[in-house]
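A quick note: this is a predicted structure, and the numbers were derived from the prediction, not measured. Letters go in sequence order (proteins before strands), and every chain restarts at 1. Just so it is clear, the values below take in all heavy atoms, side chains as well, and ignore hydrogens, waters and symmetry mates.
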Amino acid sequence: MNGVHDMGGMHGFGPIEPERDEPVFHARWEGRALALQLAAGAWRKWNIDASRHSRELIPGPEYLRMTYYEKWIAGLIELLVQTGLVTRTEVEKGRPAPGTTKAVPPLTTAQVPDLLLSRGVRYTRDVQATPRYKAGDRVRARNIHPTGHTRLPR
Amino acid sequence: MKDLHHHGHQELPSDMALRVKALESLLVEKGLVDPAALDAIVDTYEHKVGPRNGARVVAKAWSDPGYKARLLKDGTAAIAELGYTGRQGEHMVVLENTPRVHNLVVCTLCSCYPISVLGLPPVWYKSAPYRSRAVIDPRGVLREFGLELPQGVEVRVWDSTSEIRYLVLPERPPGTDSLSEEQLAELVTRDAMIGAAKVAPPAKGVRP
């Protein structure tokens with residue numbers, strides 16, 4: 001999809017404003033937002049493309065207004081609800097529905113170094129198909145914009 | 001309200017702080033996430049990965065021609081030699097800056113970044129001005145970072161993907177022949193490894 005997230009080449013966003021001695025997180029909640037996304041992702045109910053798409057679906061005006069981790073939280077809530085890990089009512093009330101049995105978190109502290117620092121997710125796949133083009137070939141790109149997630153820029 | 005008066009010098013928790021706290025409590029109460037694991041994730045990104053990793057890679061490449069050759073041929077494997085592996089650094093491509101070619105890395109669609117060597121991206125990298133302009137006006141962007149490139153220098157802009165992440169190997173600055181690898185690493189900045197700056201020569205008065 002060619003939503004507002006597809007920013008390459010757009011005009012009018014103004015100057016870049018680098019911050020001196022920038023902290024890793026600007027508020028405690030930003031770190032928690034990142035950590036919640038990764039820890040909830042350990043349920044393997046979605047992959048990286050689905051989590052990107054959930055942020056790409058944020059309506060344009062809101063996308064432009066929100067800070068980076070606000071988008072992450074908005075996207076995470078949608079994924080949690082869509083996959084049934086939580087209900088929208090639970091999110092609104094901030095507590096589990098009555099009678100909910102407590103699950104066991106799939107990501108433990110001991111597994112964090114493996115998740116972040118050693119294992120990673122390898123994206124290479126063995127395929128049988130022969131590529132039609134090779135690096136350096138001149139190609140003409142088609143302007144294809146399906147409504148789902150794509151990494152094809154505008 | 002009593003606490004407000006006690007802590008009048010502190011900022012009130014923001015709306016987002018409260019929303020994220022509520023979401024965390026919900027997920028913890030449901031047993032979906034372990035709060036100690038969340039602490040460990042935050043600690044990792046605050047203290048264990050960051051641009052010092054990338055700086056060591058660059059300094060080694062400047063000091064060891066064999067390593068540099070391996071780094072440019074298979075970035076992922078050469079970076080792993082120094083122990084830097086993991087999430088969002090699984091497929092690394094290293095781009096060499098030369099007097100003729102200057103590389104600049106962006107993620108126009110979001111914030112893809114070589115986290116295993118640079119840590120989490122700065123706000124400007126994730127911002128609309130950088131994402132929009134890096135591909136259409138890279139020289140203007142570089143000027144804003146204080147880097148004016150001669151017209152004869154070719155600028156190559158690399159748009160990151162979810163899978164492939166780029167690290168710029170900056171030019172080694174003049175006057176650094178006698179520096180050790182550790183001293184060289186001290187000179188290397190995050191912005192230089194994104195391609196938004198050059199590595200400055202050591203300040204006068206610094207002796208190896």
Colleague: Could you tell me which non-hydrogen atom of A/Tyr123 sits nearest to which non-hydrogen atom of B/His91, and how far apart they are?
Modeller: N-NE2, 2.8 Å
Colleague: Counting heavy-atom pairs closer than 4.5 Å to chain B, which one of A/Gly94, A/Gly31, A/Ala97, A/Pro96 comes out on top?
Modeller: A/Pro96
Colleague: If I measure from the heavy atoms of chain A, does B/Asp137 come under 4.5 Å with its side chain, its backbone, both, or neither?
Modeller: neither
Colleague: Looking at B/Ala196, B/Ser162, B/Ser25, which has the largest count of heavy-atom pairs under 4.5 Å with chain A?
Modeller: B/Ser162
Colleague: Determine which residues belonging to residues 128-137 of chain A lie within contact range of chain B, meaning some heavy atom pair is under 4.5 Å apart, and list them by number or answer 'none'.
Modeller: none
Colleague: Of all of B/Ala40, B/Ala128, B/Ala17, which one pairs up most often with chain A through heavy atoms under 4.5 Å apart?
Modeller: B/Ala128
Colleague: Output the distance between atom CG (B/Leu27) and atom CG (A/Leu85), rounded to the nearest 0.5 Å.
Modeller: 8.5 Å
Colleague: Which heavy atom in B/Phe145 sits nearest to a heavy atom in A/Pro18, and how many Å separate them?
Modeller: CE2-CG, 3.6 Å
Colleague: Ignoring hydrogens and geometry, is there a side-chain-to-backbone donor-acceptor pair from B/Glu24 to A/Arg32 under 3.5 Å?
Modeller: no
Colleague: Using a 6.0 Å cut-off, check whether atom NE2 of B/His47 has over 12 heavy atoms from anything other than its own residue.
Modeller: yes
Colleague: Closer than 3.5 angstrom, by distance alone: can the side chain of B/Glu144 be matched with the main-chain N or O of A/Ile16 as a donor-acceptor pair?
Modeller: yes
Colleague: Please state whether the side chain, the backbone, both or neither of A/Leu76 comes within less than 4.5 Å of a heavy atom of chain B.
Modeller: side chain
Colleague: Checking A/Ile48 against chain B: side chain, backbone, both or neither under 4.5 Å from a heavy atom?
Modeller: side chain
Colleague: Select one option (side chain, backbone, both, neither) describing which atoms of B/Val106 are under 4.5 Å from chain A's heavy atoms.
Modeller: neither
Colleague: Quick one: what part of B/Val135 sits under 4.5 Å from any heavy atom of chain A, side chain, backbone, both or neither?
Modeller: side chain
Colleague: Heavy-atom distance under 4.5 Å between the side chains of B/Glu29 and A/Thr100, does that happen here?
Modeller: no
Colleague: Pick from B/Ile136, B/Leu23, B/Leu26: which one has the most heavy-atom pairs with chain A under 4.5 Å?
Modeller: B/Leu26
Colleague: Any side-chain to backbone donor/acceptor pair from B/Arg131 onto A/His5? Under 3.5 Å, distance only.
Modeller: yes
Colleague: Measure A/Glu70 against the heavy atoms of chain B and call it side chain, backbone, both or neither at under 4.5 Å.
Modeller: both
Colleague: Does the pair B/Arg87/A/Asp114 count as a salt bridge with the N-to-O cut at 4.0 Å?
Modeller: no
Colleague: Within this structure, what is the OG-CE distance for the pair B/Ser127 and A/Met7, rounded to the nearest 0.5 Å?
Modeller: 8.5 Å
Colleague: Can you see which heavy atom on A/Arg52 is nearest to which on B/Cys112, and at what distance?
Modeller: NH2-SG, 3.4 Å
Colleague: Output the residues of residues 86-93 of chain A for which the shortest heavy-atom distance to chain B is under 4.5 Å, in residue-number order; output 'none' if no such residue exists.
Modeller: A/Val86, A/Glu90, A/Val91
Colleague: Report the C-alpha distance between A/Phe25 and B/Val42 in whole Å, list the side-chain angles of each, state the deciding distance to 0.1 Å, and finish with yes or no for side-chain contact (heavy atoms from CB on, under 4.5 Å).
Modeller: CA-CA 9 Å; A/Phe25 300 111; B/Val42 171; 4.1 Å; yes
Colleague: Looking only at heavy atoms and a cut-off of under 4.5 Å, which of B/Val28, B/Thr161, B/Ile115, B/Asp191 has the most pairs with chain A?
Modeller: B/Thr161
Colleague: Given side-chain contact (heavy atoms from CB on, under 4.5 Å), test A/Leu38 with B/Tyr45 step by step and report yes or no.
Modeller: CA-CA 12 Å; A/Leu38 296 179; B/Tyr45 286 122; 4.0 Å; yes
Colleague: To the nearest 0.5 Å, tell me how far A/Leu80 CG sits from B/Lys30 NZ.
Modeller: 9.0 Å
Colleague: Can you say whether B/Leu120 sits under 4.5 Å from chain A via the side chain, the backbone, both, or neither, judging by heavy atoms?
Modeller: side chain
Colleague: How long is the span from the NZ atom in A/Lys71 to the OG atom in B/Ser111, to the nearest 0.5 Å?
Modeller: 9.0 Å
Colleague: Go through B/Asp34 and A/Gln111 one step at a time and tell me if the side-chain contact (heavy atoms from CB on, under 4.5 Å) criterion holds.
Modeller: CA-CA 11 Å; B/Asp34 172 357; A/Gln111 290 163 331; over 6 Å; no
Colleague: Check each atom of B/Val33 against the heavy atoms of chain A and say whether the ones under 4.5 Å are side chain, backbone, both or neither.
Modeller: both
Colleague: Do you know which two heavy atoms are closest between B/Ala37 and A/Val112, and how far apart they sit?
Modeller: O-CG2, 3.7 Å
Colleague: Is there a donor-acceptor contact under 3.5 Å from the side chain of B/Ser132 to the main chain of A/Gly8?
Modeller: no
Colleague: So what's closer than 4.5 Å to chain B heavy atoms on A/Thr67: side chain, backbone, both or neither?
Modeller: neither
Colleague: State whether the number of non-hydrogen atoms from other residues, nucleotides or ligands found under 6.0 Å of B/Arg19 atom CZ is greater than 12.
Modeller: no
Colleague: Should A/Phe13 and B/Arg133 be marked as a side-chain contact (heavy atoms from CB on, under 4.5 Å) after you check the CA-CA gap, both sets of side-chain angles, and the distance that decides it?
Modeller: CA-CA 8 Å; A/Phe13 283 116; B/Arg133 290 177 51 211; 5.8 Å; no
Colleague: For B/Tyr84, which atoms come within 4.5 Å of any heavy atom of chain A: side chain, backbone, both, or neither?
Modeller: neither
Colleague: Name the option with the most non-hydrogen atom pairs under 4.5 Å to chain A; the candidates are B/Val157, B/Thr108, B/Leu32, B/Leu18.
Modeller: B/Leu32
Colleague: Nearest 0.5 Å, what's the OG1-CG distance between B/Thr44 and A/Leu116?
Modeller: 5.0 Å
Colleague: Counting distance only, does the side-chain N/O of A/Arg95 pair as donor-acceptor with the main-chain N or O of B/Ala22 below 3.5 Å?
Modeller: no
Colleague: Quick check on A/Tyr68 against chain B: is it the side chain, the backbone, both or neither that has a heavy atom closer than 4.5 Å?
Modeller: side chain
Colleague: Atom CG in A/Leu34, atom CG in B/Leu38: separation rounded to 0.5 Å?
Modeller: 10.0 Å
Colleague: What part of A/Leu107 is in contact with chain B, defined as an atom under 4.5 angstrom from a non-hydrogen atom: side chain, backbone, both or neither?
Modeller: both
